[in-house]
Number of protein chains: 2
Amino acid sequence: MKELAKELNVSVATVSKAMRDSHEISEQTKKKVLEAAARLNYTLNPYASSLRKRQSKTIALVLPEVADNFFSLAINGIQSVAERKGYHVLIYLSHEKFLNEVSILSECSSGRVDGVLISISSETTSAEHILKLQRENIPIVFFDREFEGLRIARVVTNDFECGYNAAIHLINNGCTNPVFLSISTSLGICNKRAEGFKAALLEMKAGDIENAVVVCKGTSGDEYSQIKKLLTGKNRPDGIVASVERLAMTVYLMSHETGISIPNQLKVVVFSTLETAPILNPPLTTITQPAFEIGKAAAELLFKGIEKKGYNLADEYVELPSVLTERMSSRNS
Amino acid sequence: MKELAKELNVSVATVSKAMRDSHEISEQTKKKVLEAAARLNYTLNPYASSLRKRQSKTIALVLPEVADNFFSLAINGIQSVAERKGYHVLIYLSHEKFLNEVSILSECSSGRVDGVLISISSETTSAEHILKLQRENIPIVFFDREFEGLRIARVVTNDFECGYNAAIHLINNGCTNPVFLSISTSLGICNKRAEGFKAALLEMKAGDIENAVVVCKGTSGDEYSQIKKLLTGKNRPDGIVASVERLAMTVYLMSHETGISIPNQLKVVVFSTLETAPILNPPLTTITQPAFEIGKAAAELLFKGIEKKGYNLADEYVELPSVLTERMSSRNS
DNA sequence: ATGAAAGCGCTAACAC
DNA sequence: GTGTTAGCGCTTTCAT
């Protein structure tokens, strides 16, 4: 910058202002500076600016995993608004581990990012690491997977209702023993879906409420054996609502392997944005979350919190509806 | 930091060194400093460090899109090594647009990142933006989609061979008019796959080499109509090798819609890491790239370039093999 | 083993 | 409309 200033016989302050299109600089000088900068291949050093301005123009995106269509689509939504706002996105993966999440969030302090978008891991049962960040006045928005009971902004879908609808749908299609497949007992999103599911059973006087929710924990290998046990054991369910994409994939693989026929012996519904749902064998009934929109809304909320100082994000709550798309996997034969 | 120094009656220099576990500081003082830092919730300001040390501990990851299983898995591989090395990952999406790619790479200069991992967009036909970055001595590694003819490190798969094998596979399964579905005429990866494909046709004296490669450009809507035209027109192919996941999805959707029977009327092979391939209707034959490993290898190469100064990345070349997994979609009935 | 001081590249307050 | 200057929070010689 010094060089540039010398080259043009102006001060560094002038260059600085011109580079950022300040209105205190004449159009003429601006043009001169910008041209010279382009010629010399000069751009502002972002970290020097960050240090001085005390803002990083960067947000953190914390995901449990990325090999799930929902999160891929959400990244698109988030990225699109970040880009428009001139912000950069740091991506972090917790791999569903609480300890990873803790260390990721600790990296977010000290001004590394101006805000955090997070979908919590299935293991997370304590929120101290999140609250710590909030105490540093870093805006935080939960999307999809929130930590319940906190005064933190969140963008979610109508989980209870969808769980309810899924159960009703299965019952109406002849299931007498439907089961909800969860991945966590602490994840609000799973619990709400499960609650809705159970509420429907109760209302319809159907199924076995005591055993209606099955939690698959651990690695995907564990998941497989747990599901296999469930589907081949006695009192095996004739309907499944899978809380996440991965579980439905496992159910399908197993049905192909064991010869359990979908939908004849087992009907399946899944919470997922899977694009291949209509071309699966059989086509899979999904409850599709508006993933892109959830990401977008969460990012927009976050930027409101970042840009409008004094704006209190804490109680913001956005709920975007998911839709159940009926396909062969849950149809009454 | 000043506060911390005052609190402990040491100098800021001592604190700085202690925080980074320098050997010129006694164990005793280190412990004292670290404890006080933990107590006061103090962490180093990353941007001040970056400014001073002239390194950001951050890399950029530039992807054409994220809604493709290959890239999702690659992110995992990249993230895993970045994390281990204590680096942060900025994620950028070009959405297959050349101009986006140009502006993304321009953001990467001025020390924002210490290195760049990129898979180029299907539109990219000029490499000036990439070379500009290289001239700034920023280490760059291509993964999967390289720009051909540049002296830049790259990690790819055996594309020619796989294109060749795919064609042989279709011919052996009875196809007389197989076609390769490409997304770009400039993408090296597509061209190599197409070249391999054509080489096989030539060798086997099969098909119509002149019309063996069909390029689907533009938005996904355009793609749909182009493919529909191809598959319902005259001289329609009896075999398809799709160069990317998305195209195979489109072919499947269309076959379900138009009643074209796979594999009876049309056999399909796709370059993809799709997890749902075995449970599609019919199960889809894939050429599966080692996506995680490609990401990992690319990141490891990049860090070699970043950490070993004077190390010349330019001519590094890693090729990891893909495997063809035969499933129903290409089987001879 | 510890400290003093210069300065990384930039911005903001203030002077002109 | 432009210039001067102090300093953001840290690291790094170089003294001691």
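Worth saying up front: this structure is predicted, and the values here are computed from it rather than measured. Proteins come first, then strands; the chains are lettered A, B, ... in the order of their sequence lines, and each starts at number 1.
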What is the distance from CG of A:Asp21 to P of D:dG1, rounded to the nearest Å? 13 Å
Check the distance between D:dG1's C1' and A:Asn9's CG and give it to me in whole angstrom. 16 Å
Rounded distance (Å) that lies between atom C1' of D:dG3 and atom CG of A:Leu8: 15 Å
Would you call B:Lys30-B:Glu24 a salt bridge at under 4.0 Å N-O? no
What contact category does B:Thr29 fall into here, base, sugar-phosphate, or nothing, at under 4.0 angstrom with non-hydrogen atoms? sugar-phosphate
Review item, side-chain donor-acceptor pairs of residues 118-127 of chain A, under 3.5 Å, at least two apart:
unit_1: A:Ser119; atom_1: OG; unit_2: A:Phe143; atom_2: O; d: 2.8
unit_1: A:Ser119; atom_1: OG; unit_2: A:Arg145; atom_2: N; d: 3.3
unit_1: A:Ser121; atom_1: OG; unit_2: A:Glu123; atom_2: N; d: 3.1
unit_1: A:Ser121; atom_1: OG; unit_2: A:Thr124; atom_2: N; d: 3.3
unit_1: A:Ser121; atom_1: OG; unit_2: A:Thr124; atom_2: OG1; d: 2.9
unit_1: A:Ser122; atom_1: OG; unit_2: A:Glu96; atom_2: OE1; d: 3.0
unit_1: A:Glu123; atom_1: OE1; unit_2: A:Phe98; atom_2: N; d: 3.0
unit_1: A:Glu123; atom_1: OE2; unit_2: A:Lys97; atom_2: NZ; d: 3.4
unit_1: A:Thr124; atom_1: OG1; unit_2: A:Glu101; atom_2: OE1; d: 3.2
unit_1: A:Thr124; atom_1: OG1; unit_2: A:Glu101; atom_2: OE2; d: 3.0
unit_1: A:Ser126; atom_1: OG; unit_2: A:Glu128; atom_2: N; d: 3.3

Tell me whether the side-chain N/O atoms of B:Thr14 come closer than 4.0 Å to OP1 or OP2 in C:dT2. no
Donor-acceptor pairs are to be reported for all side-chain atoms of residues 109-117 of chain B against protein atoms at under 3.5 Å, with residues two or more places apart or in another chain.
unit_1: B:Ser109; atom_1: OG; unit_2: B:Ser106; atom_2: O; d: 2.8
unit_1: B:Ser110; atom_1: OG; unit_2: A:Thr43; atom_2: O; d: 3.2
unit_1: B:Ser110; atom_1: OG; unit_2: A:Thr43; atom_2: OG1; d: 2.1
unit_1: B:Arg112; atom_1: NE; unit_2: B:Glu107; atom_2: O; d: 3.2
unit_1: B:Arg112; atom_1: NH2; unit_2: A:His88; atom_2: NE2; d: 3.2
unit_1: B:Asp114; atom_1: OD1; unit_2: B:Ser56; atom_2: N; d: 2.9
unit_1: B:Asp114; atom_1: OD1; unit_2: B:Ser56; atom_2: OG; d: 2.9
unit_1: B:Asp114; atom_1: OD2; unit_2: B:Ser56; atom_2: N; d: 3.1
unit_1: B:Asp114; atom_1: OD2; unit_2: B:Lys57; atom_2: N; d: 2.7

From CG of A:Leu51 across to P of C:dC10 the rounded distance in Å is 12 Å
Could you tell me which residues satisfy salt bridge (Lys or Arg N to Asp or Glu O under 4.0 Å) with A:Glu146, sequence neighbours excluded, listed by chain and number? A:Arg154, A:Lys192
Tell me the interatomic distance from A:Arg112, atom CZ, to D:dG9, atom C1', rounded to whole angstroms. 14 Å
Under-4.0 Å side-chain N/O to phosphate OP1/OP2 contact, A:Ser50 with D:dC8: no
Measure from NZ on B:Lys6 to P on C:dG3 and round the result to the nearest Å. 14 Å
Only counting residues at least two apart or in another chain, list the ones meeting salt bridge (Lys or Arg N to Asp or Glu O under 4.0 Å) with B:Glu136. none
The criterion is salt bridge (Lys or Arg N to Asp or Glu O under 4.0 Å); which residues satisfy it with B:Glu65, sequence neighbours excluded? B:Arg246
Determine, for nucleotides 10-16 of chain D in 5'-to-3' order, which nucleotides have protein heavy atoms under 4.0 Å from the base (write B), from only the sugar-phosphate (write S), or from neither (write -). BBB----
